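Below is one structure, written out as structure tokens; the observations come after it.
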Amino acid sequence: MGDHHHGPAKGLSRWLFTTNHKDIGTMYLWFSFAMFILGGTFAMIIRAELFQPGMQLVEPGFFNQMTTLHGLVMVFGAIMPSFVGLANWLIPMMIGAPDMALPRMNNWSFWILPPGFLMLASTLFMEGGAPAFGWTFYAPLSTTYAAPSVTFFIFAIHVLGISSIMGSINIIATIMNMRAPGMTYMKMPLFVWTWFITAFLLVAVMPVLAGAVTMMLMDIHFGTSFFSAAGGGDPVLFQHIFWFFGHPEVYIIILPAFGVVSQVIPAFSRKPLFGYASMVYATAAIAILSFVVWAHHMYTVGMPVAGELFFMYATMLIAVPTGVKVFNWVSTMWRGSLSFETPMLFSIGFLVLFTIGGFTGLMLSIAPADFQYHDTYFVVAHFHYVMVAGAVFSMTSAVYFWLPKWTGRMYNETMGKVHFWISFVGFNVTFFPQHFVGLAGMPRRVPDYALQFADFNMMSSIGAFVYGASQIMFLYNVIATIVSGEKVSDEQVWDGAEGLEWTLPTPAPYHTFEVPPKIEATPAHG
Amino acid sequence: MAATEHAPAGYEKYHVPDSSSLAVRATVGLILTVFGAGLLLNDMTFGETHESGNAKWVLAAGLVFFIFTLASWFRTTIRENMQGMNSAQLNHSYVLGMFWFIFSEVMFFFAFFGTLFYVRQLAGPWLAGEGDGGRMNGLLWPGFEFSWPPTITPQEAVGGTDIQPIANNGAFLTQERSMSFADAHHWYQWLPMWNTIILLSSSFTVHVAHTALLKDQRSKFNLWLGITVALGIIFVGLQAAEYYEAYVLFGLTLNSGIYGSTFFMLTGFHGFHVFMGMTMLLIQLLRSVRGHHFTASDHFGFEASSWYWHFVDVVWVFLFLFVYIL
């Protein structure tokens, strides 16, 4: 307290009791990486079983538990918290704030995550096994036919939701209230903008998810009939509520990734971001449209044709603002003075592969075509192109980009580049063949498959093992950087990087911008 | 950085609190609560007849710990404010926090209202044979006629649990009478109308209290805030009476099919929120009476509670319209 803030407290209490946005950001990042490894282990089990046709390693019921937990852990444990960690670290430094707006609540939103996931993972050891109904937990699989562990799954979802809502309210309050004088909304770095909009999406849809799991809880334990036709309810109602949350959720995952790429590409093109204002408007347009497209996940469920058409056209509209973004990133690089350090490689990898994922999404948006693609490996390939090559690649890019600012040490560039190329090749070997087996009719979430899919599946599995192993290299590189990386003292680190965080000393001190910085009168964006 | 050099004129430092154990304590309370609740529910639904009784103690310990931690958290923030540690900017963070918290609550109710509209406008008529899937539903649930409030569940229409071809997960028996205005015999015996009058008046009384506080009229503020809290208690009491009426006299229970499900979940969550709001206002009243907290310009604890109160009031207006009248 008082005017002189000191450094961090010593020992474990520093992490348990901290109110510092950098500490909390660090904890989020490490936690999400741990979950990435856990979810990745589940994926390795899935790919090992699918290495050859026939049943090899695990029981079908356990296979279903693996696909379910893989999805849940990756979405709620790895990707979302990793971007919250990034937001914690960067938003105060980017807008010239001393910390997040509500620091104690910030700590709380982190600390309920680990026990929440412990509760979710503990279902693996419960009678009847872990949830086995897929990450979308459709009723009645998740109600009438679920193992008793579903109760703990429901409460785990509640806990994660509480964490997300508190984290988002904190981010909204920080951005609205804590900008340094002169940091107008349209001067904010794009990463701040994308998180601002993401936080609104989270506050809007996480309570809807809470409503959905609450109805499940009531159906299971108290005899209500929300999702049971016998009582006048409707199992399809579950799908509507779930996807009303679930579709904005995929933008919650990808918008911060857009923000990262919008910081990295200009830095290594040594040009301001092309079309800053249109990027902001495109992000907002994607967010608004995300509320009126949810039923494109449910074309085959038996909706009226008018509904199918509405959701089809609304979904296709999203291609427009997304196209604006891709165009702007490419135009930023056009005639730039490009260099290809690891963060830039991952961002370009993002750009290419996310665009492929976007196009397959456009294919899936066509209702009559989707009747063929629905629930096949084509869908699996599509969303892994946007989740892994989209969100995870951009997150990896962000870690390499800001790690020197966080630690004051430079990572091993050669190892970083090798990591990128192994990831890039491994990823594509894993997921590109899944387009083909999907189009040929291989269903998802099944532990065995017809013989004609054998070659492509073996290819997929080999790619997955390579991609998985390359993450160990990433972990090694990060730890080696922290322990013994080459020291960086330059504030700028990257010569083309723009933004307030690069005006701070390297490594960033424990407390920054305790007094707001002066923002130049000229606009930061060209 | 030489900090003071850049400080703009009149800048009040934003108070970043020291490290604090509140978050970890609240985590312990919350996790024990949900874990205990999960154990208790699973014992109830899937358990043996003589299950060990630990679950309720886990739940109780969690709840007590959680409530005490929240109380000490709020006490900390109140003390910080009274010691003058909060700049105008920090106070605005609390304003934003409360506003977006209420927005998240709105979205929670949205899920349940959306369910009600979906069932009444789409799923119900479809089950009775309308629309593209009508013929299939006609085969599965022959004889089911849809109306609102429903007079029969699809299960009853086909002749009970044993005969229904699919979705066999419990018995759903329609209520004898619903809570809807259509089923009310005398308007003056219709509790929802009285509850509406009570809750709308309480929104008005809390506004009068606020106006009094803005003019620094302490006793008037206490009086009208006290009236508001009393009205809140009466509302919760009448809601309990209504539930008693439903269960005992009308045969309207959670098992009464989708009408009972939506009715109890919407009014139940609303009632719980009224209870929360009433508790919040009661605490503000005690702060004012016993601690002489709040001034005409600094009374965010009261203001936030009153926003919450107006929010539950607005939710009730929608409930009254869509659950009881229409």
Side-chain angles (χ1 to χ4, degrees), chain A residues 1 9 13-14 16-19 98-99 101-104 107-108 111-112 115 119 140 144 148 151-152 155 158-159 165 169 172-173 176-177 181 203-208 210-212 215 218 220-226 228-234 237 240-241 302 304 514-518, chain B residues 3-4 6-8 11 13-14 16-24 26-27 30-31 34-35 37-38 41-42 44-46 89 92-93 96-97 100-101 103-105 107-108 110-112 114-115 118-119 123-124 127 131-133 150 153-155 164 167 169-170 172 254-255 257-258 261 265:
Chain A
M1 210 173 292
S13 66
R14 166 179 178 183
L16 285 173
F17 304 146
T18 185
T19 49
D99 206 294
L102 303 160
R104 278 179 296 233
N107 194 30
W108 195 27
W111 273 111
I112 59 176
M119 197 157 79
T144 314
T151 310
F152 294 97
F155 283 120
H158 273 308
V159 169
I165 291 168
I169 289 176
I172 292 172
M176 290 181 80
N177 194 32
V203 180
V205 301
M206 290 313 282
V208 175
M215 288 179 217
M218 296 304 289
I220 294 168
H221 295 290
F222 296 100
T224 55
S225 50
F226 286 107
S228 171
D234 186 358
L237 169 64
H240 281 294
I241 306 174
E514 290 183 273
V515 165
K518 241 187 173 139
Chain B
T4 44
H6 300 286
Y11 174 74
K13 205 160 138 56
Y14 195 93
V16 177
D18 280 335
S19 53
S20 143
S21 65
L22 285 167
V24 172
T27 301
L30 179 68
I31 297 297
V34 295
F35 192 68
L41 288 175
N42 274 8
M44 182 184 88
T45 307
F46 307 106
Q89 191 189 13
H92 191 59
S93 289
L96 288 167
W100 290 104
F101 169 65
F103 176 70
S104 79
E105 295 270 46
M107 292 308 292
F108 182 76
F110 179 78
F112 288 89
T115 297
Y118 177 80
V119 168
L127 271 175
D132 292 343
T153 60
Q155 186 177 65
Q164 83 189 49
N169 50 2
F172 307 111
L254 280 167
N255 302 311
I258 194 65
S261 309
M265 291 311 280

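On a predicted model such as this, the values are computed, not experimentally measured, just so you know. Chain A is the first sequence line, chain B the second, and so forth, proteins listed ahead of strands; every chain is numbered from 1.
The line from CD1 of A:Ile169 to OG of B:Ser93 is 12.5 Å long, rounded to the nearest 0.5 Å. Between the CE atom of A:Met176 and the CG atom of B:Leu96 there is a distance of 5.5 Å, given to the nearest 0.5 Å. Note: B:Leu30 CG to A:Phe155 CZ = 10.5 Å, rounded to the nearest 0.5 Å. Summarising the geometry, atom OH belonging to B:Tyr14 is positioned 10.0 Å from atom NE2 belonging to B:His92; distances are rounded to the nearest 0.5 Å. Atom CD1 in B:Ile258 sits 10.0 Å away from atom CG in B:Leu127 (nearest 0.5 Å). Expressed to the nearest 0.5 Å, how far OG1 of A:Thr224 lies from CE of B:Met265 amounts to 6.5 Å.
When heavy atoms are compared at a cutoff of 4.5 Å, A:Val159 approaches chain B solely by way of its side chain, counted from C-beta outward. Heavy-atom distances place both the backbone and the side chain of B:Leu254 under 4.5 Å from chain A. For a residue to count as touching a neighbouring chain, one of its non-hydrogen atoms must lie under 4.5 Å from one of that chain's; by this rule B:Tyr118 touches chain A with the side chain only. For B:Leu41, the parts lying near chain A are the backbone and the side chain together; criterion is any non-hydrogen pair under 4.5 Å. Only the side chain of B:Val119 comes within contact range of chain A, with at least one heavy atom under 4.5 Å from a heavy atom of that chain. For a residue to count as touching a neighbouring chain, one of its non-hydrogen atoms must lie under 4.5 Å from one of that chain's; by this rule A:His158 does not touch chain B. Heavy atoms of A:Ala101 lying under 4.5 Å from chain B belong to its backbone as well as its side chain. For a residue to count as touching a neighbouring chain, one of its non-hydrogen atoms must lie under 4.5 Å from one of that chain's; by this rule A:Ile112 touches chain B with backbone and side chain alike. Contacts between B:Asp132 and chain A at a heavy-atom distance below 4.5 Å involve the side chain alone, from C-beta outward. Residue contact with chain B, scored on non-hydrogen atoms closer than 4.5 Å, is absent for A:Pro140.
For chain A, the option among B:Ala123, B:Ser104, B:Gly131, B:Gly114 with the highest count of heavy-atom pairs below 4.5 Å is B:Ser104. Heavy-atom pairs under 4.5 Å with chain B were tallied for A:Gly232, A:Pro98, A:Pro103; the largest tally goes to A:Gly232. Ranked by heavy-atom pairs shorter than 4.5 Å toward chain B, the options A:Met215, A:Met206, A:Met119 are led by A:Met215. With respect to chain B, the highest number of heavy-atom pairs below 4.5 Å among A:Thr144, A:Leu16, A:Asn177, A:Asp234 belongs to A:Asn177. Contact count against chain B (heavy-atom pairs under 4.5 Å) is highest for A:Leu102 among A:Thr18, A:Val205, A:Leu102, A:Ile241. Among the candidates A:Gly211, A:Ser225, A:Pro304, the residue making the largest number of heavy-atom pairs closer than 4.5 Å to chain B is A:Ser225. For the set A:Ala173, A:Pro115, A:Ala204, the entry with the most heavy-atom pairs within less than 4.5 Å of chain B is A:Ala204.
Distance alone, capped at 3.5 Å, is enough to place a donor-acceptor pair between the B:Gln155 side chain and the B:Phe172 backbone.
For the side-chain hydrogen bond (donor to acceptor under 3.5 Å, both in side chains) test, no residue two or more places apart in sequence or in another chain qualifies with A:Ser13.
Ring pair A:Phe226/B:Phe112 is perpendicular by interplanar angle, where above 60° counts as perpendicular and below 30° as parallel.
Contact detail for A:Thr151 and B:Phe46: the closest heavy-atom pair is OG1-CE1, 4.4 Å. Scanning all heavy atoms of the two residues, the minimum distance from A:Phe222 to B:Asn255 falls at O-OD1, 3.4 Å.
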